[in-house]
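Remember, it's a predicted structure, so these values are computed and weren't measured experimentally.
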Amino acid sequence: MISSFFGKTKPINYIVLAIFLFLFYFSNVFLGLREQKINDVIPFELLTFVVLLLGIFIINQMVRTEKITDFNSYTILFFVLLVTAFSENLQLKNAIFTNFFLLLALWRLLSIKSIRNVKHKIFDASLLIAVASLFYDWALVFLLLVFVVINLYDRKTFKNWLVPMVGVATIFILTFTILKVNGSLDFFREHYKFSLGIFKTDSFFEVLNVKALIYILFALAVAFVVFLRLRNVGGGKLLQLRVIFLAFVLGVFITLLTPADESPVLITFFPASVFMANYFEAIKKAKHREAILIICTVLSLLLFVLQMNH
């Protein structure tokens, strides 16, 4: 029943997931209130929720237009389940905004496969990554993805290799101008510290908790299986999945460089959801699909409840 419902790409799928996410997001908000008044937090929480919801809409459009998966809603379903399972990440507002801009950047990079308006797309992606870095400094690492995509699709055009620097410079110049007017130039020194969290802690679990570690290992295993199944297919989809896998690896890298309580593991959810959806699509038996989705949903809800009682 669940698998057949989300096996289509109808607006009702997005609406159901939006309602589901709304309930869990604001349950997390209200249960997390301490001395703060509801009226003080609601405006910003609404803005953050809208950004998160727009992120899901972007994911839905991206997988459809770039044909990363078949025509279904499994990717956004797995994304919402991961958000619910890692509800503690909803407290990290910077992670939500970073994820939003990285999704837009990744969409622009994946669309380069058409080899049309390549320079514009490279500029847009680089600019969006620079904006994302205003929330998490290490998001700049995703510029590596831009150069990988240039190498894959249009490496012979020399100007393409210079465009990312122009995109980043544009955002930094605009930001510098705004900060100069406001007298807040200390932002650059205080924000872009590029701390090495994993090398400054006594325990590995200070930068990655057990739940996140299990999730990352599981996602890597699923990606490995998907690549094994597609190794004989080749073509554009395999190339795009490699780009998405690199995005996952870079997301994990950033996660490892931040303490566990500040870890933006949210930025790895889209790539992981894509591989989960591709793996799920290959399951032929409807009963097996249904059982897997029920288990994933129950597990996600259970992790949410446990986090609320933590």
Side-chain angles (χ1 to χ4, degrees), residues 55 58-59 61-63 65-68 97-179 187-189 191-196 223 227 230-231 233-258 264 267-268 270-272 274-275:
I58 290 167
I59 290 171
Q61 293 299 111
M62 196 191 316
V63 296
T65 56
E66 306 306 327
K67 299 178 181 178
I68 304 167
F97 287 102
T98 299
N99 180 66
F100 176 75
F101 289 108
L102 289 179
L103 283 174
L104 288 172
L106 189 53
W107 192 0
R108 294 302 279 167
L109 291 175
L110 291 174
S111 67
I112 289 176
K113 70 172 183 177
S114 65
I115 314 298
R116 288 182 300 195
N117 300 317
V118 173
K119 292 184 184 64
H120 291 93
K121 292 173 181 177
I122 293 171
F123 176 82
D124 291 346
S126 304
L127 184 145
L128 288 163
I129 289 168
V131 173
S133 77
L134 296 175
F135 300 95
Y136 266 96
D137 53 356
W138 276 111
L140 282 176
V141 169
F142 274 81
L143 286 172
L144 176 63
L145 197 62
V146 178
F147 291 109
V148 168
V149 170
I150 293 171
N151 185 62
L152 287 174
Y153 291 107
D154 196 9
R155 69 171 73 95
K156 294 181 180 179
T157 306
F158 178 71
K159 289 182 180 178
N160 288 344
W161 297 94
L162 303 177
V163 173
M165 297 301 104
V166 177
V168 173
T170 300
I171 290 300
F172 283 165
I173 290 171
L174 287 172
T175 305
F176 176 85
T177 304
I178 294 169
L179 292 174
F187 171 81
F188 284 110
R189 186 178 68 254
H191 180 69
Y192 289 96
K193 293 180 178 179
F194 299 105
S195 61
L196 301 172
F227 280 127
L230 293 175
R231 69 186 185 279
V233 178
K237 184 175 181 179
L238 186 58
L239 207 56
Q240 288 191 305
L241 285 178
R242 287 172 179 167
V243 172
I244 292 170
F245 181 74
L246 179 56
F248 177 77
V249 172
L250 292 175
V252 171
F253 175 75
I254 294 173
T255 300
L256 291 174
L257 294 175
T258 52
I267 64 177
T268 68
F270 167 67
V274 168
F275 284 105

Report the relative orientation of the aromatic rings in Phe194 and Trp138; use parallel for angles under 30°, tilted for 30 to 60°, perpendicular for over 60°.
-> perpendicular

Name all residues meeting the salt bridge (charged side-chain N to carboxylate O under 4.0 Å, His left out) criterion together with Arg116; count only those two or more places apart in sequence or in a different chain, and write none if there are none.
-> none

Got a second to check how far Leu103's CG is from Ile267's CD1, nearest 0.5 Å?
-> 10.0 Å

The ring pair (Phe, Tyr, Trp, His ring centres under 6.0 Å) partners of His191 (sequence neighbours excluded) come to Phe187

Kindly determine whether Lys119 and Thr157 satisfy side chain to side chain contact (heavy atoms under 4.5 Å, CB included), including the steps that lead there.
-> CA-CA 10 Å; Lys119 292 184 184 64; Thr157 306; 3.7 Å; yes

Atom CZ in Phe101, atom CD1 in Ile171: separation rounded to 0.5 Å?
-> 9.0 Å

Please round to the nearest 0.5 Å and tell me the distance separating atom CD1 of Ile254 and atom CG of Leu140.
-> 9.0 Å

Would you sort out whether Val243 and Leu106 count as a side chain to side chain contact (heavy atoms under 4.5 Å, CB included), showing the intermediate values?
-> CA-CA 9 Å; Val243 172; Leu106 189 53; 4.2 Å; yes

So CD1 of Ile122 and OH of Tyr153: to nearest 0.5 Å the spacing works out to 12.0 Å

Assess whether side chain to side chain contact (heavy atoms under 4.5 Å, CB included) is satisfied between Lys113 and Glu66, documenting all intermediate values.
-> CA-CA 9 Å; Lys113 70 172 183 177; Glu66 306 306 327; 3.6 Å; yes

Close side-chain approach of Phe270 to Leu102, heavy-atom, < 4.5 Å | no

Measure across Lys121 and Ser114 and return the closest heavy-atom pair with its distance rounded to 0.1 Å.
-> NZ-OG, 3.1 Å

Taking the six-membered ring for Trp, is the centroid-to-centroid distance between Phe172 and Tyr192 below 6.0 Å?
-> yes

Can we call the ring centroids of Phe245 and Phe227 under 6.0 Å apart?
-> yes

Check: Tyr136 ring centroid to Phe97 ring centroid under 6.0 Å | no

Rounded to the nearest 0.5 Å, what's the gap from CD1 on Ile59 to CD on Gln61? Could you check?
-> 11.5 Å

